[in-house]
Amino acid sequence: MLIMDTPNEPAPGTPEFNAWYAEVGAWYEKWGTAGKLETGHQLQGPQTAKTVRAAGVTDGPFMETKEVLGGFSILDTDSIDEAVDISKSWPGVDRGWITIELRPVMEMG
């Protein structure tokens with residue numbers, strides 16, 4: 001579950017942002033208790049990123065997008081449809097603040 005920040009989300013430090021983060025904490029508690037959440041991490045802002053390419057290393061992600069990867073969570077679901085249903089409940093998706101991209105993990109070996 002790739003969690004993409006958008007320009008529409010509330011500004012850090014505002015009451016709206018603080019209320020939203022309380023919702024995010026409740027989301028993690030709910031799905032962790034249900035056994036559907038393995039882990040999740042918030043990433044530092046894109047200004048801290050390094051991009052590695054054959055031509056070298058540059059500062060920042062330099063992607064042509066307004067959405068930036070803000071974090072990820074690993075869900076343990078029986079199907080992609082179940083992951084979609086859980087992801088729809090991520091706080092802010094319904095308000096256009098967050099976009100979620102889902103990808104199944106490839107089994108290795």
Side-chain angles (χ1 to χ4, degrees):
M1 182 175 145
L2 303 173
I3 304 161
M4 309 298 284
D5 294 330
T6 72
N8 301 326
E9 67 186 48
T14 64
E16 188 175 32
F17 181 88
N18 294 338
W20 175 42
Y21 257 64
E23 291 178 54
V24 170
W27 187 93
Y28 274 105
E29 180 68 28
K30 175 183 176 178
W31 295 111
T33 300
K36 296 295 180 180
L37 179 68
E38 288 188 22
T39 190
H41 294 279
Q42 182 176 6
L43 301 175
Q44 293 184 20
Q47 69 278 9
T48 66
K50 299 284 185 188
T51 299
V52 180
R53 295 185 173 95
V57 178
T58 57
D59 291 334
F62 297 112
M63 294 182 289
E64 296 294 326
T65 182
K66 292 183 180 181
E67 296 176 347
V68 177
L69 181 61
F72 67 93
S73 294
I74 299 176
L75 302 176
D76 184 6
T77 61
D78 295 325
S79 68
I80 190 77
D81 292 330
E82 183 182 13
V84 167
D85 289 340
I86 291 171
S87 296
K88 285 180 181 177
S89 71
W90 178 265
V93 169
D94 59 338
R95 290 164 264 187
W97 297 347
I98 294 291
T99 299
I100 302 289
E101 179 178 332
L102 295 170
R103 296 188 194 181
V105 173
M106 286 186 71
E107 299 296 327
M108 303 297 285

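Atom OG of residue S73 and atom CG of residue L37 lie 5.5 Å apart, to the nearest 0.5 angstrom. Atoms NZ and CG, from K88 and D94 in turn, are 12.0 Å apart once rounded to the nearest 0.5 Å. Separation of atoms OG (S87) and CD1 (I80) is listed at 8.0 Å; rounding is to 0.5 Å.
For the pair E9 (side chain) and D5 (backbone), a donor-acceptor distance under 3.5 Å is absent. Here the side chain of T6 pairs a donor or acceptor atom with the backbone of W97 at under 3.5 angstrom.
Note on W31 and L102: same hydrophobic cluster, where clusters join Ile, Leu, Val, Met, Phe, Trp and Tyr whose side-chain heavy atoms are under 4.5 Å apart, directly or indirectly. In the hydrophobic cluster analysis, where Ile, Leu, Val, Met, Phe, Trp and Tyr join through side-chain heavy atoms closer than 4.5 angstrom, L2 is grouped apart from W90. In this structure, V84 is not a member of the same hydrophobic cluster as I74, with clusters built from ILVMFWY side-chain heavy atoms closer than 4.5 Å. Clustering ILVMFWY residues whenever any of their side-chain heavy atoms sit less than 4.5 angstrom apart, transitively, puts M4 in a cluster other than the one holding Y28. Using a 4.5 Å cut-off between side-chain heavy atoms of Ile, Leu, Val, Met, Phe, Trp and Tyr, with links allowed through other members, M1 and W20 fall into the same hydrophobic cluster.
Between T58 and R53, the closest side-chain pair of non-hydrogen atoms falls below 4.5 Å.
The heavy-atom pair separating F17 from P10 by the smallest distance is CD1-O, 3.4 Å. In terms of heavy atoms, N8 sits closest to G96 at ND2-O, 3.2 Å.
Sorted by first and then second residue, the pairs that involve residues 34-60 and meet ring-ring contact (aromatic ring centres under 6.0 Å, His included), not counting sequence neighbours, are H41-F72.
With E82 as the fixed residue, the side chain to side chain contact (heavy atoms under 4.5 Å, CB included) test singles out one of D76, T77, L75: T77.
Under the 4.0 Å criterion applied to side-chain N and carboxylate O atoms, R95 and E23 are assigned as salt-bridge partners.
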